[in-house]
Each structure stands twice: as structure tokens, then as C-alpha cells.
Novice: 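Handing you a structure now.
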Protein chains: 2
Amino acid sequence: MNSQEEVIDFVINGHKDYLPHVSIDSVIFGYHHQQLKILLLKWIGHIGWGLPGGFIKRREPLTDAAYRILKERTRLSDLFLQQFHVFGDSPYRAQERSPAEFREKYGAVTSEDNWLFQRTLSIGYFALVDYSKVDITTDFFTNDFYWCDVNEVPFLLFDQNEVVEMALKMLRLAIYHQPIGYNLLPEKFTIPEIHSLYQTILGKELDQRNFSKKLLTLGLIKKLDERRSIGPHRSPYLYQFDKANYEEALKEGIVHTY
Amino acid sequence: MNSQEEVIDFVINGHKDYLPHVSIDSVIFGYHHQQLKILLLKWIGHIGWGLPGGFIKRREPLTDAAYRILKERTRLSDLFLQQFHVFGDSPYRAQERSPAEFREKYGAVTSEDNWLFQRTLSIGYFALVDYSKVDITTDFFTNDFYWCDVNEVPFLLFDQNEVVEMALKMLRLAIYHQPIGYNLLPEKFTIPEIHSLYQTILGKELDQRNFSKKLLTLGLIKKLDERRSIGPHRSPYLYQFDKANYEEALKEGIVHTY
DNA sequence: TTCTATTCTGTAATATTTACGCAATTATTT
DNA sequence: AAATAATTGCGTAAATATTACAGAATAGAA
């Protein structure tokens with residue numbers, strides 16, 4: 001959605017293509033420099049930042065919509081995506097939008113009952129992506145983005161701070177049940193890297209020896225014969241996820257501590 | 001909703017009061033005679049059974065709607081209620097309804113674009129209720145109900161078999177993270193009762209000695225000085241949930257096996 | 001009193017988790 | 001070539017948690 005015509009058409013006629021009253025918000029997690037980050041977008045004309053999101057096409061399965069929205073934004077299709085909650089306890093989310101605002105920002109003439117001003121429930125998805133492979137697309141609505149440390153999330157539009165908080169909580173729950181990492185790390189990684197990833201996600205220290213023992217015992221990762229050169233230090237071995245066991249664990253679930 | 005006038009008004013004008021395109025489906029679990037049951041309703045005119053559910057009022061918080069729908073149906077307000085998934089991958093749920101059907105069943109004259117024929121996402125909630133305290137209300141749409149063993153769920157309307165399956169899966173997941181039982185059992189209960197409840201929910205045998213040891217160690221239940229008389233057998237002691245520890249565990253989560 | 005069905009209780013073996021420190025490695029600096 | 005600084009890699013013992021398992025006690029009915 002890049003030209004003004006397209007935007008105006010979306011505002012005026014979008015309800016013909018998309019379901020009103022329901023939207024998708026995505027919390028996209030990436031990992032970089034030992035930090036867990038989420039992708040935030042600058043919505044044109046708004047002071048604050050917000051989550052990437054979008055609407056569901058009228059004949060589009062929900063899951064497809066979630067993947068589409070993510071792909072439009074990140075160009076990634078290989079990622080971990082999971083629905084985690086529907087937000088709808090604040091019935092007035094739409095009150096932050098108005099015809100005046102739309103005229104000003106987009107030059108779109110709308111009436112009070114335009115579909116975008118109506119109450120909208122938001123279905124929250126969280127995604128795990130390989131930060132280095134992401135290629136963010138901005139558009140007419142969103143003219144800027146940044147990767148924000150999860151510990152330093154600014155005030156967000158609507159009730160999206162709650163969405164982020166819940167996403168993090170659900171990610172931390174998920175990490176006890178399913179293997180996490182495949183979509184956040186490069187193909188090959190070192191123990192210190194994955195160790196640090198888990199510590200970052202859980203927000204607490206994990207004994208490195210016990211941690212690697214655990215992953216190896218579970219069969220989730222396997223040691224390669226290569227090492228990485230990391231400057232004036234001992235060269236760490238590289239590891240890889242064990243595809244078969246990883247998939248199995250994803251399906252079956254695991255119960256463990258780290 | 002009991003008179004035909006009310007129903008017709010709902011069909012024709014419901015979209016003014018309720019959000020279209022979104023509904024709530026509740027899987028209400030009860031426990032009786034060592035069986036885990038769910039509440040099914042007979043929808044008037046349909047051959048099959050379906051889940052209780054309803055729509056969200058335009059200015060009603062989502063959570064409130066879920067509680068309201070449950071209360072209208074069961075008259076209970078003290079229960080465990082948890083959102084677990086949004087179903088929307090089958091965009092054609094509404095195709096099972098038509099103007100002809102509505103004219104026939106309810107005497108309501110509708111057009112193809114009536115709000116009830118449009119695609120509707122369904123937000124799944126599961127509830128845990130004390131079977132003995134429930135007082136089911138039927139209405140014009142639903143003229144019968146029954147408590148159905150979770151292992152013998154018949155073919156349900158729309159994609160609701162999937163909803164039930166997922167609810168059960170999420171309940172089984174929940175039982176590892178939060179104390180469950182307070183809303184399924186009477187105030188005072190015996191070890192064999194709660195033991196059997198857990199076995200039933202998890203669908204597997206649990207060593208009774210280890211099980212009670214676990215609950216006691218976690219501090220979730222406490223032994224009372226009373227016993228229950230159960231016929232020609234040794235009288236079991238009664239237990240109660242430890243309110244404080246139970247709430248704590250609900251909030252903090254627990255990780256354990258049984 | 002006996003019978004039957006059910007509750008109640010403890011311990012030993014096994015498995016898992018936790019705690020913990022030092023030698024090896026690497027490139028850079030001296 | 002040796003010293004340095006920062007980092008990785010590795011093993012074991014103690015503590016804790018889980019599992020497996022059986023027989024005595026009880027209550028009412030016969």
C-alpha cells in the first residue's frame with residue numbers, strides 16, 4: 001500500500017475486502033547482540049510506535065492472514081508463528097481514530113461510521129524470526145521501523161503494551177514446551193550463543209554446563225566438526241539443531257527446566 | 001431469548017447490538033460419575049448438537065461477554081474461564097445457514113446478506129464448572145441439552161469438533177501449570193475423588209500415593225478433620241484446597257509431573 | 001463374625017537437577 | 001617467543017524429585 005490512491009481506496013472500500021471488527025497484531029521477536037528485540041513501526045501521523053498488524057481478507061483463513069501480514073512486512077516465510085491471545089477488553093480502541101485525523105493524514109474523506117473507526121478485536125500472534133534475514137518493508141501508513149529491546153518498549157498505540165507483555169509471557173511459557181531457537185538463530189551457532197539466547201528470553205541466568213548438557217540430552221542440538229573464529233579467544237564449536245528431534249519435540253511437547 | 005418475536009428481532013436487528021463476524025464458543029467441562037463431561041446443546045431444527053456460545057455486544061469487553069454467555073446458560077458466576085484459541089481457518093462456517101432455513105425454523109425473513117450468514121470467527125473459551133451446581137437454561141434456539149462424556153462426543157455443528165479437541169488439549173496443558181479442581185469439585189472432597197478427576201482429565205493412570213503426596217507437598221490441598229461416609233468401606237478423609245497457595249499457584253504457575 | 005470393597009500409608013531405587021572450578025584455547029600485545 | 005586477557009569446554013558429587021511398589025486398616029452389609 002504505497003500510493004495515496006491505494007490508501008484512500010483502502011480506507012473507503014476496505015470493508016468490502018476485509019472483515020471489519022477484527023484485526024491481527026504481530027509481536028515479531030528477533031535476537032541480536034544478546035538482546036531480544038521486537039519490531040515496532042511508526043504509524044504515519046501518530047506520535048507513538050505500534051505493532052505490525054493488519055486485517056483478514058473476507059475469504060482468507062485466519063492462519064493464512066497471519067502469515068501473509070508477516071510476509072508483507074518482513075519478506076520472510078520461514079518462521080515460527082503462534083496465535084496467543086485475543087484482545088478485546090478495551091472496546092474503545094478505535095476511539096483513537098477519527099474522520100478529522102484521516103482527512104489530515106491521508107486526505108481521505110470518511111464518515112463516523114467508516115469501518116476503521118469501529119470497535120476492533122485484535123488477535124495476537126507472536127513470531128520468531130532470524131533477525132539477520134529480515135528485510136522490513138514500510139509503506140504509506142508506516143514510514144519507519146525499529147527493533148526495540150523487549151526491556152525498553154516505549155508507550156505504544158492502543159493497548160499494545162499489554163499485547164507485548166502477554167506475548168513475552170507466552171513465549172516464556174512456550175520455551176518450556178517446545179524447542180525454540182530454530183527461527184531465531186542462524187543455521188549454525190555456538191553453545192554460548194544459544195545459551196545466551198535462552199537466558200535473554202527467560203530473563204535469568206542459566207548454568208552453562210547444565211544448559212548444554214540438557215539440550216544435548218534432549219537431542220535437540222548436535223555438535224559439528226567445525227568451529228568459529230571469534231578473535232583472541234578459544235574457538236567455540238558450532239552446533240546445529242537436530243531437525244528430526246526438533247520437529248518431534250515441537251509436536252509432542254517437552255517438559256523440563258533449564 | 002424465548003419468544004418468537006424476540007428471536008426474529010435478534011435475527012433481523014442483532015447486528016445493531018452485537019459485533020458481526022465474531023462469536024464465542026464455550027466448552028464447558030463438568031465432572032460427574034468419574035467422567036469428564038462437556039455441555040452440548042440441541043440447536044433447534046439442526047440434527048446435530050453444538051456448543052453453547054453467543055455474540056459480543058458492541059460495547060462489551062470480550063471477557064465480560066464470555067462470562068455473560070456462560071452465566072445466561074448455566075446461572076453460574078463462580079467458575080474458571082479461560083480463552084484458548086480463535087478458530088477462523090474455515091472461512092465458510094456460515095454456509096450452513098441460509099434464508100430458507102431461517103424462514104422455516106424461526107419464521108424470520110432474511111436476505112442473503114443478513115449478519116448471521118456472514119463469515120464468523122469463533123473465539124474459544126473453556127470453562128470448568130461444578131456439575132452439581134449448574135442449572136441449564138434452554139431457549140428458543142436451543143431446546144435441549146446434555147452432558148456428554150468427552151470420549152464420546154458426537155459429530156458437532158460447524159467445526160466444533162475441532163474446538164472441543166483443542167479445548168481438551170489446552171485443559172491438559174493447563175493442568176501442568178495451574179491448579180485445577182477448585183471449580184470442578186465440591187468445596188470438600190476426598191483424595192480418591194480428586195485423584196480420579198486428574199486421571200480422567202489426563203486420560204491416564206496416576207499412582208495414588210505419589211499423587212496425593214505431590215498435591216500435599218505443593219501445598220495445594222489440606223486435610224480436614226472430617227471424613228465422608230461412603231457405604232460399606234473405610235471412610236475417606238475430606239480435603240480442601242488451600243486458598244492462598246492455590247491462588248499463588250494460579251498466578252505464578254507450576255511445573256511438575258503427577 | 002466374616003466378608004468385601006475401599007482407603008491409607010512408607011520406603012527404597014532410580015532419575016533428574018543443581019552446584020561448582022580449573023585447564024585449554026586463541027589472537028594480540030609485549 | 002612469551003605473556004596476557006578473554007573466552008570456551010568439560011566432569012563429578014550432592015541434593016532433590018520421581019517412580020515403583022504392597023499390605024494393614026476401616027466400614028457397613030451379610
Side-chain angles (χ1 to χ4, degrees), chain A residues 33-34 175-177 179 181 185-186 188-200 202-240 245 249 252-258, chain B residues 33-34 175-177 179 181 185-186 188-200 202-240 245 249 252-258:
Chain A
H33 283 336
Q34 324 246 94
I175 209 174
Y176 284 107
H177 288 282
L185 293 171
K188 298 172 182 181
F189 51 85
T190 67
I191 290 287
E193 279 166 355
I194 192 172
H195 175 227
S196 151
L197 169 66
Y198 273 66
Q199 288 191 140
T200 305
L202 291 170
K204 68 179 183 192
E205 299 218 331
L206 304 168
D207 183 281
Q208 197 249 46
R209 282 163 293 189
N210 296 334
F211 173 77
S212 59
K213 219 183 303 173
K214 182 93 191 191
L215 287 190
L216 286 161
T217 305
L218 289 170
L220 292 178
I221 60 174
K222 55 191 182 195
K223 191 173 184 173
L224 302 176
D225 246 355
E226 308 165 59
R227 316 171 120 202
R228 167 177 297 162
S229 182
I230 54 157
H233 311 295
R234 180 166 181 176
S235 308
Y237 282 96
L238 288 171
Y239 289 75
Q240 227 176 5
N245 286 338
E252 298 304 318
I254 38 182
V255 177
H256 56 186
T257 54
Y258 283 105
Chain B
H33 282 335
Q34 324 246 94
I175 209 174
Y176 284 107
H177 288 281
L185 293 172
K188 297 171 182 179
F189 50 86
T190 67
I191 290 288
E193 280 166 354
I194 191 172
H195 175 227
S196 151
L197 169 66
Y198 272 66
Q199 289 192 139
T200 305
L202 291 171
K204 67 179 184 193
E205 299 218 332
L206 304 168
D207 183 279
Q208 197 250 44
R209 280 164 294 190
N210 295 335
F211 173 77
S212 60
K213 218 184 304 173
K214 182 94 191 189
L215 287 190
L216 255 39
T217 305
L218 289 170
L220 291 179
I221 60 173
K222 56 191 182 196
K223 191 173 184 172
L224 301 176
D225 244 356
E226 308 165 60
R227 318 171 121 203
R228 166 176 299 162
S229 183
I230 53 155
H233 311 296
R234 179 168 181 175
S235 308
Y237 282 97
L238 288 171
Y239 289 75
Q240 230 178 3
N245 287 337
E252 297 305 317
I254 39 180
V255 176
H256 57 187
T257 54
Y258 284 106

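Letters go in sequence order (proteins before strands), and every chain restarts at 1.
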Novice: Lys223(A) side chain N/O closer than 4.0 Å to the phosphate oxygens (OP1, OP2) of dC10(D)?
Specialist: yes
Novice: What's the NZ-P distance between Lys204(A) and dT18(C), to the nearest Å?
Specialist: 9 Å
Novice: Any sub-3.5 Å donor-acceptor pair from His195(A)'s side-chain atoms to Leu206(A)'s backbone N or O?
Specialist: yes
Novice: Starting at the 5' end of nucleotides 20-30 of chain C, put B wherever the base has a protein heavy atom under 4.0 Å, S where only the sugar-phosphate does, and a dash everywhere else.
Specialist: BB-BBBBB---
Novice: Whole-Å distance between dA20(D) P and Gln208(B) CD?
Specialist: 16 Å
Novice: Tell me the interatomic distance from Phe211(A), atom CZ, to dG9(D), atom C1', rounded to whole angstroms.
Specialist: 15 Å
Novice: In whole angstroms, how far is the C1' atom of dT16(C) from the CG atom of Leu218(A)?
Specialist: 12 Å
Novice: Is there a side-chain contact between Ile191(B) and Pro236(B), using heavy atoms and a 4.5 Å cut-off?
Specialist: no
Novice: For Ile194(A) and Tyr198(A): C-alpha separation, side-chain torsions, deciding distance, then whether side-chain contact (heavy atoms from CB on, under 4.5 Å) applies.
Specialist: CA-CA 6 Å; Ile194(A) 192 172; Tyr198(A) 273 66; 3.7 Å; yes
Novice: Please give, in whole Å, the distance from dC8(C) C1' to His195(B) NE2?
Specialist: 13 Å
Novice: Phe189(A): which residues meet the ring-ring contact (aromatic ring centres under 6.0 Å, His included) condition with it, sequence neighbours left out?
Specialist: Phe241(A)
Novice: Which whole-number value in Å describes the distance from Glu193(A) CD to dT7(D) P?
Specialist: 13 Å
Novice: Taking CZ from Phe189(B) and P from dT7(C), how many angstroms apart are they, rounded to a whole number?
Specialist: 15 Å
Novice: Hey, which of Leu220(B), Leu215(B), Ile221(B) is the one that makes side chain to side chain contact (heavy atoms under 4.5 Å, CB included) with Pro179(B)?
Specialist: Leu220(B)
Novice: How many Å lie between CG on Leu206(A) and P on dT17(C), as a whole number?
Specialist: 13 Å
Novice: List the atom of Glu205(A), the atom of Gln199(A), and the distance in Å for their closest heavy-atom pair.
Specialist: CA-OE1, 3.3 Å
